[in-house]
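Just passing along the structure, written as structure tokens.
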Amino acid sequence: MGDLLWILVSAMVVNNFTLFYFLGLCPFMGVSARVDTALRMGAANIFVLILTSLCAWFLNTFILPYAPFLRLISFIVVIASLVQIVEMVIKKVSPALFRQMGIYLPLITTNCAILGLAIFQTNRGYGFLQGMAFAVGAGLGLTLALVLMASIRENTELADIPEVAKGTALIFIIAGSLSLAFMGFAGMLSAT
Amino acid sequence: MTPARLLVTASPHLGGADSTPTIMWSVVGSLVPVVAVATYYFGPSALLVIAAASAGGVLTETWFGPKGALRDGSAAITGILLGLTLPAGLPLWMAFVGGVFGIGFGKLVFGGLGQNIFNPALLGRAFLQSAFPVAMTTWPTAAPHWSDLRGDNLAIPLMSPEVVDAMTGATPLGLMKFEQIGTQVSALIMGSVGGSLGETSALVVLGCGAYLAARKHLNWRIPASIFATVAVLSGSLHLLDAARYPGAMFMLFSGGLMLGAIYMATDMVTSPVTNKGCWVFGFGIGFLVVVIRLWGGLAEGVMYGILLMNALVPFINRATQPRVFGTDTKQVVT
Amino acid sequence: MARASGAVQLAGGVHPPELKALTEAVQIRRMPFPDEIVLPLRQHAGKPAMVIVRKGNRVERGDKIAEADGFVSSPIHASASGTITDISLWPHPDGSYAEAVRIAVEPFSAQAARPRLVPDWRGLSPEQIIQAIQDAGVVGLGGAAFPTHVKLSPPKEKPIDTIVLNGCECEPYLTTDHRTMVEYPERVHLGLRIMMRCIGVTRAIVGIERNKPDAIAAITATVPGDLDVTVQPVTVKYPQGAEKMLIDTLLGRRVPSGKLPMDVGVIVQNVASVATIAEVFESGLPLIERIVTVTGRGVKNPANLIVPVGTKLRDLLNACGGVTEDAYEIVFGGPMMGTAQANLDVPLLKGTTGVVVLTEADCKSKDTHPCIRCGHCLDACPVFLNPQLLGRLAMVARYEEMEANHLMDCMLCGCCSFACPSNIPLSQLFALAKNALRTRQAA
Amino acid sequence: MSDAHAGSGKGSPPPPARAEARSLRLLGTLAGGGLVAGLILVFVYEATQPTIRAYKAEVLRQAIYEVLKAPDRYDTLFVYDGRLTLELPDGVDSDDVERVYLGYVEREPVGFAIAAGKPGFQDIIRIIFGYDAATNTILGMKVLESKETPGLGDKIEKDMAFVTQFDGAQPELIGVKRGKGTGDSDEIDMITGATISSRTVIQIINEALERLGPMLETYGEVAKR
Amino acid sequence: MRETTPQQDLLRGIWRENPVLIQMLGLCPALAVTNTVANSIAMGLATFFVLCGSSVLVSLLKRFIPHEVRISTYILIIASFVTVADMTLEALVPVIHKALGAFIPLIVVNCMILGRQEAFAAKRSVGRSLLDAAGTGVGFIIALLMLGAVREVIGYGTFLGISLFGPSYEPWVVMILPPGGFLTLGFLLLGLNWVRRHREKRATLGEWPEGVRKEEAA
């Protein structure tokens, strides 16, 4: 149990996907302009991450031992089709949710956080529950980083940012500062 | 009889007593006793480190900041506060780098005073902490003579300091976390312990804070809620397992909590604008401090607690917007 | 009944220095008639009056010279006997030029009004009383100059149960209402009685700030036995005298955003205006003179004067011994919401509560600094806006977002600007934004 | 939008009658492409795998030799069913079973090499250490994997003063502040400023020995002389 | 699409449309593995190989790739090349492979590569596609090298492992940690912005008459 909690906390804050592994930077730059879109993107991410973790575990346990060279290809194919299926299901089941979340799903396909999760999970040999904890932690971490970034960016919109710092330069400096602040979580729950 | 010239401005024509420079310089003034105590304990090293950090901040503001920005005193505050969070033996060039980073990346890229998200002093310190982890956790002990330097302050820029092991000790929090050795609360209050320059004078800091709060130059709600949260959380944990978790007084008076709660967290620019938000902000800092100190890998969490909550401030501001007069009424309009 | 009998305080607001000592004990006296009177046709909220005299006409004191143009308008009367020398544009206290009637006052005139019939209000129907009040050109004397007869004619579907008399006078320096209450308490009560009769209300509350104990005593001592009038002392804070704040303090009712006091069954009237209603039915004279506080460290003999409406600022200052060497800024109204004057020829209007002559040391510093998000403006705002956010939005001209953040609830009381340590002219920015929005909506 | 067909000169959309043929072609292309890609991958996999495996084995061998102080040879033992065994029963995948390595010098067992891990300051720290069961002595310690802070936490692998302390230390190990120890053989001086990382290493050893506990008490029957 | 010359195809990606510094693509590897110059070079070369390989293949097969499934096909092609690169690196330079870790397989989702297939290789001749891929790949390597050089020199005091400032240099550990990646890129972009603005300003000022320039300066 402590093991699972550590995996979750570690993926969420100690080794935050965005701020420590630089995964999912595209949505971090792209959809972090408004807090509500950031929240929705985060929710969509958590959802897909959990499904991915499930699929990766399935592939790793039952298929890939026989064809290890297909690992990457099978991951990417599964993720792409997964997102497609999820999109279709949501569209059918809840058109309202689809309108809110739908447009982010295709973006997620090429989001390295998803593939990264599958690969990290494989490299570390996580089992089913560990994989779930990892996925939830990673998803929450991504959402946290996205929402923090979005609320900060909304705030800086009204500031007189110097010309040279406008745009991406400032975003990276904010991200760097956030990353510095997240260093405070290093060692969380590990050695006692 | 007719006045030679008349001023025509928009109303109101009266102004409150405080102006931004007044507030800033009074904060600078209130730091004088803190710096004095630091100098008493750490000798000339204290003054040198604070001066180097301030020089870094002030020079960056002069070179890259808007014209006349120095007069508002905010760069000086950042520099002095940064200096107070550093160990006495830190090479001066590192303190200078911290000041440059704090003002440059923590403030000027956001457009200068009032626009930054993170407390510049703490951002500078967080940078130093990550850049030079060894030097930043080398805590000098008392020197044989007051006038001795407490470490290799004068290390050549970019070069490593020479550390004499015998001259270094540990902070009370470090002792508690890594060696399970407690420190007397009386020693904490008197300041006769190791730590950064501003950590050793909790009572003086508290007094200066009271002065600033009385002059309304800081929002008392922030330190109050930080203290309350830390006291209640650590107090109840202490009741659960006294062997594992230190008591509330120890948590309150050890480390940078006093300095952080009174001078860093209350930085107006990087704290919430609403009073309700200030309570939330203080609670968050207190919570993070306890979590990082007790379950994290670091001995001290005040800096990170404040920086993390700084990042949340825009969100808190949004969530605690006051309800406009007449929009919350349940009265039936007849 | 009042919500509480003890100290009731408004949330928000500021404590500017009171500075009333200069004139609060100075007895009201009459100012000598000046040589010229200038009567702008726009002196009240609503449509300007329509002039009915010609150049060269001779008018007696109290003669109507301009007719109300519609319901929300008010007539204007000559405040001195003399000859109309010109009808042209003249500097207006709001900083613009406005159509005005200039009257050369007859020297050595007795300045007696034409003999007129004074109707006994007891015999009049409410409609007739209201008509009489409109004919007398009575407007609110608290500053906004809203025509009183409009206020006294609430629509049927909005029943009124309470009249609130506003004796707060929370603006620093001003003592007009204060002296009125001390010297003419009976007149206040008579006006109140007429109003209650007119609207058919049985209950009234007089709210007076605690820093005027003599006014509280005078008004309390003279409450007529047959009227349900409560005198409620309130804490000293600006803007306690704002209608919505006062209703909240006295009755615990909050006027919904965008609504009027009558929507919560209340009519608020300033004590000086009420006294004027009484005067109309005592003497038959219309509103042609008012009490003005001339004060500030920049004026030689601060005083509370009865001044003919239309007196030029220059004449008024001369009547008070002139200004001192270091006079720096002259404000019509209180220093929190009043307008600074650039021209000594501007006339006093019906709504001019006072003239404050400030020296440089009294004035707000002109240096502005960046906003440091101290949040003092949020604490100060009596309607709980977020002036800090609004100010940032105003700087980048995002007016629609300002509106979404309730800009229209701002009453420009100036508390945020007063509290701002960086001297950001918030209230001025909001005034501009409100105007821009109004213009856009009109277009 | 210019698509792939525009490039091939057939801009107009295919008529519906050809739809079936098209989807057949579609499938065919994908299947063909997949086949070719698969073949290439299998080829490269077969070509590289021996080298990769050999390298991994060599890394492990070196680590074992280092922590067991250069034994003549070593056996791989599986931790299965509460004991150490050389052979796994049929049907048990050897990849899923924890292993320890038993080293010999001149046919005499000298110690176990045990790999284990635990979350450190930043992420999981994995180490391997040699343990002589006969004398209850650590023979050596080597960090296999760590992401600890460069210049601070990574001293657990780079600071030889720290690493060599484990040679000859007697568990259960106790971490002490440098210079504060009594000189007993169960004490390990921790790295100043990297207490968590150093303590994690000590804990990994203590916990691994506790977990494997009785299995390691003697060399027992698994030791073939 | 505007017609371009072969030189433009090659040069475009190197600087003017640099994938990392201008287009903000491929950020994940650009930040994650650039803590040393050696890692930067390895990652750059691996990406270069995948990019060129898949561009050539896509360009060759463009006639046979049905429009509806083109993206999936591109991804399959890229994934195959990445797998090849991954295994080859692991066999040839295991130490660097270990340092790059999971970020080699992640080349698959580098938007830069997919972008070049969709925008260029699918429409042009093999030669042109190769030129374009090579240019973009070189641009990517240059960006990685810039980041890697700054971070290694400050963070370790070395360049390609060679000590620059002597043994007593105090390394700035933060530069090799994640915050250092963000801050370095932020700082580089700041510098690029400054240079660009400086140039623009000089260009504009040069054309203005004397009086206007003075006013601008005031």
Side-chain angles (χ1 to χ4, degrees), chain B residues 1-24 66 68-69 71-72 74 111-116 216-219 267-278 313 317-318 320-334, chain C residues 14 16-17 158-159 172 244 253-259 263-265 322-323 327-331 335-342 344 358 362-367 369-376 378-379 382-386 388 406 409 414 417-423 425 427-428 431:
Chain B
M1 128 85 225
T2 309
R5 57 193 182 120
L6 280 179
L7 177 74
V8 179
T9 56
S11 64
H13 309 281
L14 298 181
D18 291 331
S19 73
T20 298
T22 320
I23 295 177
M24 295 291 178
R71 259 175 292 149
D72 60 38
S74 56
L113 178 62
Q115 326 254 22
N116 48 309
K216 299 215 165 149
H217 291 172
L218 61 79
N219 194 332
D267 170 15
M268 288 168 172
V269 178
T270 55
S271 60
V273 290
T274 61
N275 286 332
K276 212 198 292 173
C278 286
V313 162
N317 276 340
R318 249 165 80 106
T320 58
Q321 281 255 15
R323 300 221 43 182
V324 171
F325 188 95
T327 55
D328 53 350
T329 179
K330 298 255 167 4
Q331 227 159 355
V332 182
V333 179
T334 47
Chain C
V14 290
K158 291 182 180 165
K244 293 184 176 185
R253 299 183 193 169
R254 283 209 168 162
V255 180
S257 160
K259 301 282 183 176
D263 289 299
V264 293
V323 295
Y328 188 61
E329 185 172 30
I330 300 177
V331 179
M336 295 298 288
M337 287 183 78
T339 335
Q341 299 304 324
L344 291 182
L358 299 166
D362 300 326
C363 287
K364 202 168 90 139
S365 153
K366 287 175 305 242
D367 296 340
H369 303 276
C371 167
I372 54 167
R373 295 192 264 207
C374 60
H376 289 179
L378 279 105
D379 291 343
V383 289
F384 317 132
L385 296 170
N386 185 345
Q388 184 259 342
H406 299 278
D409 283 289
S417 299
F418 175 84
C420 181
S422 289
N423 275 329
S427 119
Q428 188 181 8

(request) Could you tell me which of C/D367, C/V331, C/D409 has the largest number of non-hydrogen atom pairs under 4.5 Å with chain B? (result) C/V331
(request) Quick one: closest heavy-atom pair of C/G414 and B/P12, and the distance? (result) O-CG, 3.3 Å
(message) As an exercise, state the distance from CD1 of C/I372 to CD1 of B/I23, rounded to the nearest 0.5 Å.
(response) 4.5 Å
(message) Using every non-hydrogen atom in the two residues, find where B/L14 and C/F418 come nearest and quote the distance to one decimal.
(response) O-CD1, 3.4 Å
(request) Would you name the heavy atoms of C/C374 and B/M268 that are closest together and state the gap between them? (result) CB-SD, 3.3 Å
(message) Would you compute the distance between atom NZ of B/K216 and atom NE2 of C/H376 and round it to the nearest 0.5 angstrom?
(response) 8.0 Å
(request) Might you point out which heavy atoms bring C/L385 and B/P322 nearest each other, and give the distance in Å? (result) O-CG, 4.2 Å
(message) Which heavy atom of B/V8 sits nearest to which heavy atom of C/A342, and what is that distance?
(response) CG2-CB, 3.6 Å
(request) Just give me the residue among B/N219, B/N116, B/T22 that pairs up with chain C most often, heavy atom to heavy atom, under 4.5 Å. (result) B/N116
(request) Go through the atoms of C/P172 and report whether side chain, backbone, both or neither lie under 4.5 Å from a heavy atom of chain B. (result) side chain
(message) Nearest 0.5 Å, please: how far is NE2 in B/H13 from CD1 in C/I330?
(response) 11.5 Å
(message) Has C/H369 got a side-chain atom pairing as donor or acceptor with B/P21's backbone, closer than 3.5 angstrom?
(response) no
(message) With side chain to side chain contact (heavy atoms under 4.5 Å, CB included) as the criterion, how do B/F325 and C/R254 come out once you've worked through the C-alpha distance, each side chain's angles and the decisive distance to 0.1 Å?
(response) CA-CA 7 Å; B/F325 188 95; C/R254 283 209 168 162; 3.6 Å; yes
(request) Below 4.5 Å from any heavy atom of chain B, which atoms of C/T339 appear? Answer side chain, backbone, both or neither. (result) backbone
(message) Please rank B/N275, B/D72, B/T274 by heavy-atom pairs under 4.5 Å with chain C and give me the top one.
(response) B/N275
(request) With rounding to the nearest 0.5 Å, note down the distance linking CD in C/E329 to OG1 in B/T9. (result) 4.0 Å
(message) To the closest 0.5 Å, what do you measure between CG (C/L358) and CG (B/L7)?
(response) 9.0 Å
(request) Output the distance between atom OG (B/S11) and atom NZ (C/K364), rounded to the nearest 0.5 Å. (result) 9.0 Å
(request) Look only at the side chain of B/T20 and the backbone of C/P421, and say whether a donor-acceptor pair between them is shorter than 3.5 Å. (result) yes
(message) I'd like to know if the side chain of C/R373 reaches the main chain of B/S271, judged simply by a donor and an acceptor atom lying under 3.5 Å from each other, with no hydrogens or angles considered.
(response) no
(message) Show the nearest heavy-atom pair for residues C/S257 and B/T327, with the distance to one decimal.
(response) CB-CG2, 3.7 Å
